[in-house]
Novice: 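One structure coming up, written as structure tokens, with questions to follow.
Just so you know, these numbers use all the heavy atoms, side chains as well, and skip hydrogens, waters and symmetry mates. Per chain, numbering begins at 1; letters A, B, ... match sequence-line order.
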Number of protein chains: 2
Amino acid sequence: MEINALRMKKKLEDYDFSKACPIRNVLDRFGDKWSILVILLLGEHKGPMRFNELAQTIGDISQKMLTVTLRTLEADGMVHRKHYPEIPPRVEYELTELGKGLLPHINGLTQWALKNYDAITKSRKKFIARKQFA
Amino acid sequence: MEINALRMKKKLEDYDFSKACPIRNVLDRFGDKWSILVILLLGEHKGPMRFNELAQTIGDISQKMLTVTLRTLEADGMVHRKHYPEIPPRVEYELTELGKGLLPHINGLTQWALKNYDAITKSRKKFIARKQFA
DNA sequence: CCGCATCCAAACGGATACTG
DNA sequence: CAGTATCCGTTTGGATGCGG
């Protein structure tokens, strides 16, 4: 476990922050399965949310992936993590100003997604149908 | 190869179009490494672009991934593929109306990414620095 | 309650060779 | 030129068990 922590650390240190193009570098963060959804939920919710509250709202996310996602968002400065050293422990998450600034853009995307969902679904089905002949 | 085609076909047919939430279903498409970039390039470019034109503009995409990305975007109805059966062959791609509608939202995201790139980079470095003590 | 460590399967994506 | 087929390493993410 000591070894693994060191490996993780090394991996982060090796990361070349200067090399990648800014757009790709930032947008790649939304490539993962959950980041956008978490930001969206934290954005809708009044006040901070607890770990399990997030987990239950999302429903089908594993504990591991929620932890990973929140850590990454925290590292990027999008989410603030407040840890209360009580027993049992309590941890609350909320968007930072940076995170809130992203919200309208994500909402724009999701609105578009909702509006065009049918068109996309139909297009996918048609595409498959055409492939049946090939 | 016959087998592989059948497997591919089966995979698509098995896909449950009704189950997933519309937002997740659509946004998952942007999870891959290249889709957003391709849409962005097709959006900026005047008129259609050829396969190799796209490949060279992106630079570090493999032939395989460009093909896969374009096929997926075509299936979703975001990109139109025009094939000229000449020798040598020529294939042109351009955004459909659906794809064009997405453009402003993606641009919003990338503008935000550019504007906040420094802040995010700094946050990441700070986060790593804090972890050194742990 | 929250989260880390480990193991493992599946998906992603690159390199290469081949085709019309 | 614009692909397709195949092999293979890397990454992702789920399941489980443990720990403060």
Novice: Does B:Arg71 put a side-chain nitrogen or oxygen below 4.0 Å from OP1 or OP2 of D:dA2?
Specialist: no
Novice: Tell me the interatomic distance from B:Ile58, atom CD1, to C:dG13, atom C1', rounded to whole angstroms.
Specialist: 14 Å
Novice: Using a 4.0 Å heavy-atom cut-off, does B:Tyr84 contact any base of the nucleic acid, only the sugar-phosphate backbone, or nothing at all?
Specialist: nothing
Novice: Rounded to the nearest Å, what distance is computed from the NE2 atom of residue A:His83 to the C1' atom of nucleotide C:dC1?
Specialist: 9 Å
Novice: Counting side-chain heavy atoms from C-beta on, which of C:dC1, D:dG13, C:dG13 comes nearest to A:Asn52?
Specialist: C:dC1
Novice: Could you tell me which residues satisfy side chain to side chain contact (heavy atoms under 4.5 Å, CB included) with B:Glu44, sequence neighbours excluded, listed by chain and number?
Specialist: B:Leu41
Novice: Search all heavy atoms of B:Val26 against all heavy atoms of A:Trp112 and return the closest pair with its distance.
Specialist: CG1-CZ3, 3.9 Å
Novice: Quick check on C:dC2: is either OP1 or OP2 less than 4.0 Å from any side-chain nitrogen or oxygen of A:Tyr93?
Specialist: no
Novice: So, using side chain to side chain donor-acceptor pair (under 3.5 Å) as the criterion, who are the partners of A:Gln56 when residues are at least two apart?
Specialist: none
Novice: Using atom CG of B:Leu66 as one end and atom C1' of D:dT4 as the other, report the distance to the nearest whole Å.
Specialist: 14 Å
Novice: Report yes if a side-chain nitrogen or oxygen of B:Arg50 is closer than 4.0 Å to either non-bridging phosphate oxygen (OP1 or OP2) of D:dC1; otherwise report no.
Specialist: no
Novice: Taking atom P of D:dG3 as reference, at what distance in whole Å does atom CZ of B:Phe51 sit?
Specialist: 5 Å
Novice: Which heavy atom of A:Leu42 sits nearest to which heavy atom of A:Val79, and what is that distance?
Specialist: CD1-CG2, 3.7 Å
Novice: Side chains of A:Thr72 and A:Asp32, heavy atoms from C-beta outward: is any pair under 4.5 Å?
Specialist: no
Novice: Between B:Glu74 (CD) and D:dA2 (P), how many Å, whole number?
Specialist: 15 Å
Novice: Closer than 3.5 angstrom, by distance alone: can the side chain of A:Ser123 be matched with the main-chain N or O of A:Ala119 as a donor-acceptor pair?
Specialist: no
Novice: Is the phosphate of D:dG20 approached by A:Arg90 (side-chain N or O, under 4.0 Å from OP1 or OP2)?
Specialist: no
Novice: Whole angstroms only, please: what is the CG-C1' distance between B:Asp28 and C:dA11?
Specialist: 13 Å
Novice: Check nucleotides 14-20 of chain C against the protein and report each pair of N or O atoms closer than 3.5 Å, with its distance, or say if there are none.
Specialist:
from, atom 1, to, atom 2, distance (Å)
C:dG14, OP1, B:Lys33, NZ, 3.3
C:dG14, OP2, B:Ser62, OG, 3.3
C:dG14, O6, B:Lys64, NZ, 2.2

Novice: Could you state the atom-to-atom distance from NZ of B:Lys82 to P of D:dA2 in whole Å?
Specialist: 15 Å
Novice: For B:Met49 and D:dA2, give me the distance from atom CE to atom P, rounded to whole Å.
Specialist: 11 Å
Novice: Is there a side-chain contact between A:Phe127 and A:Arg124 in this structure, where contact means two heavy atoms from C-beta onward sitting under 4.5 Å apart?
Specialist: no
